[in-house]
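Below is one structure, written out as structure tokens; comments come after it.
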Amino acid sequence: MTLRLYNTLTKKEEEFTPLDPESKRVTFYACGPTVYDYAHIGNFRSFLNADVLRRVLELVGYDVKQVMNMTDVGHMTDDELADGAGQDKMQVAGQRLLEAKKAGTLPTDAGEIDPTDPYAVADFYVHAFIEDSRKLGLKIIADADKQPELMPRPTRYVEQMIKLVEKLIENDHAYVASDGVVYFSVQSYPAYGELSGNTPDKIRSGEGGRVDEKTQLVKKHPADFMLWKPDASHVMKWPSPWGEGYPGWHLECSVMAVSLLGQETNGVIDIHSGGEDNIFPHHECEVAQTCCSTGESHFARYWFHTRFLIVENQKMSKSKGNFYTLNDLLAKGASPAAVRLELIKTHYRSQSNFTFRGLTDSQRQIDRWARLKTWLETNKNESLNQPGPLTAALPAFIAALCNDLNISGAIGVLNDAASKHDVANSPENSKGKFTYAAELDALNQMDSVLGVLDLQQSASLSDTDVDVKRIEELIEKRNAARSSKDWKEADRVRDELVDMGIAIKDNPTGTTWSKIVSS
RNA sequence: GGCCGAGUACCCAAGUGGUCUAAGGGGACGGAUUGCAAAUCCGUUAUUCAUGGGUUCGAAUCCCAUCUCGGCCUCCA
């Protein structure tokens, strides 16, 4: 099955073929998080979509080598201006952690950290990111457990960044300006703007309101971007031929992608992903830097960008109170699997609206698939006269995903097939040559992309604040009242549980409970 | 000003010129079940695709215009 993917570079859907089609190897660089704060669900939408793409590539037979960077260079500025000014975000994060430490609100598993050490701050947030990502089933985490270099840190690649800048200066693609800062010259690279559409002639200097007029004056072109900033007062700084300072924030991806994925291909990689906001300037600048140093016409051959997530129809922001991390949602009773499905179920090139209603929708959806899976496992040795509905639907499921990752279409195919199984009853005895084991296998293959059924088990309540003992006592109390037909008391206890945010289900085998998800 | 997107039922959402008299999920409603619920199971739920034109034998799908909404144009996934 051929995968068709929309390529931001060409602005159209294309057939995906790797650089080396024979080997079935695909090199995939996913722009990862900045680690000076907790990642929020908007960040995770982008990472999860990259994960889905990777899983689809694997489903159709590719061998994917994926890298995801952990941006620990604190040079990202905290003020509104470009070209590196203002306070270091890693420093701000350190101050925040220091306050949290004093207030005793730091997670207990954080250990002893020194908030004045930017590397320790980065470690803290990398650790948090890995934990969240593991809960959400990002495959890159399991890879990095074995090969930590697959989740590289820019601070360990500064030497290579300096080499890249030197090469760009040699090639006349970069220059040292009168303020001592090294800039990339966008006019030296005719293809600048190909990815984003923001060609130098179209860029209205300062239109976004984030450009400092003073820096504009020293640059050859307003779109020229910083490669190295000498600044000895900076928290994170490294020696360089242009003075002690820090690298431009686009360098890291160029250097790490080429080092880890492009050694044998002169710096060309197959896929590069990120959020839509990365297209410009970040990815545009990466292309310019990389191609000007390798001489190749391409950096990544396919560019994959996920559109933004909004929350309850509003742009997510801390001031609106609709800014959520994974742990915020888990504390409200959501399972990681439901969060994963809610974040991947809208097509990656459509804006997605995260809602609590959608989250409960997703949870119920997963519960139904999980019941189906359990039922198939129970009956896997039973036989069928013809291929079962899931087996029959698998090609259509894959075809939908191969159509530019049409995940809603794929889920529709899955549900259509799933509804043909009567999970409330045992299958009728049949002597056919097909078995329910094949059905289970088909479901597992579908879930190899969705990635939610394995998460179901780990949707534990351990990190929530429920009083399990108290809940069990109340359930016992209610069941005692029920057996003596004291319905009034039984209902009162049930209401009490609901007030605690606990829903109960009376099954033939006993009573089970779960947290009620609410905003 | 430039460049991208999007508008399909109560909600999410597929569909990209011909079994579309429009998938799938949720919700709602009706039924089975239940002490009553919840959960589960069965059934019902868009003659219509933002609006107005056009192309075509045929349009939710293509074209034009209008309206509305969102994103980017050097913090951002």
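So that the names make sense, note that chain A is the first sequence line, chain B the second, and so on, each numbered from 1. Note: hydrogens, waters and symmetry copies are ignored here, and every other heavy atom, side chains too, is used.
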Please report the distance separating the [atom1] of [N] from the corresponding atom of [M], rounded so that it comes out in whole Å.
{"N": "B:C10", "M": "B:A28", "atom1": "P", "value": "15 Å"}
{"N": "B:A13", "M": "B:G7", "atom1": "P", "value": "9 Å"}
{"N": "B:U55", "M": "B:C63", "atom1": "C1'", "value": "7 Å"}
{"N": "B:A9", "M": "B:C49", "atom1": "C1'", "value": "10 Å"}
{"N": "B:C76", "M": "B:U16", "atom1": "C1'", "value": "32 Å"}
{"N": "B:A39", "M": "B:G53", "atom1": "P", "value": "47 Å"}
{"N": "B:G15", "M": "B:A46", "atom1": "C1'", "value": "14 Å"}
{"N": "B:G58", "M": "B:G18", "atom1": "C1'", "value": "7 Å"}

[options]: which one has an atom nearest the side-chain heavy atoms of [X]?
{"X": "A:Asn415", "options": "B:G24, B:A37, B:A77", "result": "B:G24"}
{"X": "A:Arg494", "options": "B:G25, B:A37, B:C73", "result": "B:A37"}
{"X": "A:Arg482", "options": "B:G35, B:C75, B:A77", "result": "B:G35"}
{"X": "A:Asp506", "options": "B:G15, B:C75, B:A37", "result": "B:A37"}
{"X": "A:Ala424", "options": "B:A37, B:C41, B:A77", "result": "B:C41"}
{"X": "A:Lys505", "options": "B:A39, B:C73, B:C41", "result": "B:A39"}
{"X": "A:Asp491", "options": "B:G35, B:A14, B:A77", "result": "B:G35"}
{"X": "A:Arg307", "options": "B:G2, B:G71, B:G35", "result": "B:G71"}
{"X": "A:Asp416", "options": "B:G24, B:C36, B:A77", "result": "B:G24"}
{"X": "A:His347", "options": "B:A14, B:A13, B:C36", "result": "B:A14"}

Indicate, with a heavy-atom threshold strictly under 4.0 Å, whether [X] touches base, sugar-phosphate, or nothing.
{"X": "A:Thr306", "result": "nothing"}
{"X": "A:Gly358", "result": "nothing"}
{"X": "A:Ile310", "result": "nothing"}
{"X": "A:Ala39", "result": "nothing"}
{"X": "A:Met68", "result": "nothing"}
{"X": "A:Arg357", "result": "base"}
{"X": "A:Phe280", "result": "sugar-phosphate"}

* Asked: When the nearest nucleotide of RNA chain B is assigned to A:Pro281 and to A:Ser350 on a heavy-atom basis, which residue is associated with the more 5' position?
  ->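 Per heavy-atom nearest nucleotide, the more 5' residue is A:Ser350.
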* **Pairwise 5' ranking along RNA chain B for A:Lys11 and A:Val423, keeping only the more 5' one** =>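 Per heavy-atom nearest nucleotide, the more 5' residue is A:Lys11.
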Complementary nucleotide for [N] - Watson-Crick or wobble, under 3.5 Å:
{"N": "B:C3", "answer": "B:G71"}
{"N": "B:A50", "answer": "B:U66"}
{"N": "B:U56", "answer": "none"}
{"N": "B:A9", "answer": "none"}
{"N": "B:G35", "answer": "none"}
{"N": "B:U61", "answer": "none"}
{"N": "B:C29", "answer": "B:G43"}
{"N": "B:C20", "answer": "none"}

Atom-pair distance ([atom1] on [X]; [atom2] on [N]), nearest Å:
{"X": "A:Trp249", "N": "B:A77", "atom1": "CH2", "atom2": "C1'", "result": "12 Å"}
{"X": "A:Asn7", "N": "B:G5", "atom1": "CG", "atom2": "P", "result": "13 Å"}
{"X": "A:Glu342", "N": "B:A13", "atom1": "CD", "atom2": "C1'", "result": "11 Å"}
{"X": "A:His305", "N": "B:C72", "atom1": "NE2", "atom2": "C1'", "result": "12 Å"}
{"X": "A:Asp277", "N": "B:C3", "atom1": "CG", "atom2": "C1'", "result": "16 Å"}
{"X": "A:Ile407", "N": "B:G25", "atom1": "CD1", "atom2": "P", "result": "16 Å"}
{"X": "A:Glu312", "N": "B:C12", "atom1": "CD", "atom2": "P", "result": "11 Å"}
{"X": "A:Glu13", "N": "B:G5", "atom1": "CD", "atom2": "P", "result": "13 Å"}

* Test: A:Lys315 cationic atom under 6.0 Å from A:Phe308 six-membered ring centre, within 45° of axis ->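 Checked: cation-pi criterion not met.
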Indicate, with yes or no, if the rings of [X] and [Y] have centres closer together than 6.0 Å.
{"X": "A:Phe28", "Y": "A:Phe304", "result": "no"}
{"X": "A:His305", "Y": "A:His283", "result": "yes"}
{"X": "A:His272", "Y": "A:Tyr302", "result": "no"}
{"X": "A:His40", "Y": "A:Tyr324", "result": "no"}
{"X": "A:Trp375", "Y": "A:Tyr436", "result": "yes"}
{"X": "A:Phe225", "Y": "A:Tyr183", "result": "no"}

With respect to the phosphate group of [N], does any side-chain polar atom (N or O) of [X] fall under 4.0 Å of OP1 or OP2?
{"X": "A:Arg371", "N": "B:U40", "answer": "yes"}
{"X": "A:Asn198", "N": "B:C72", "answer": "no"}
{"X": "A:Thr346", "N": "B:A13", "answer": "yes"}
{"X": "A:Ser362", "N": "B:G26", "answer": "no"}
{"X": "A:Arg368", "N": "B:G26", "answer": "yes"}

* Asked: Should A:Asp51 and A:Arg55 count as an ion pair when the cut-off is N to O under 4.0 Å?
  ->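 Salt bridge flag = yes for A:Arg55 with A:Asp51.
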* Could you give the distance from OG (A:Ser254) to CD (A:Gln289), rounded to the nearest 0.5 Å? ->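 Rounded to the nearest 0.5 Å, the OG-CD separation comes to 4.0 Å.
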* Step-by-step ring pair (Phe, Tyr, Trp, His ring centres under 6.0 Å) determination, A:Phe44 to A:Phe129 -> CA-CA 10 Å; A:Phe44 275 113; A:Phe129 176 77; 5.5 Å; yes
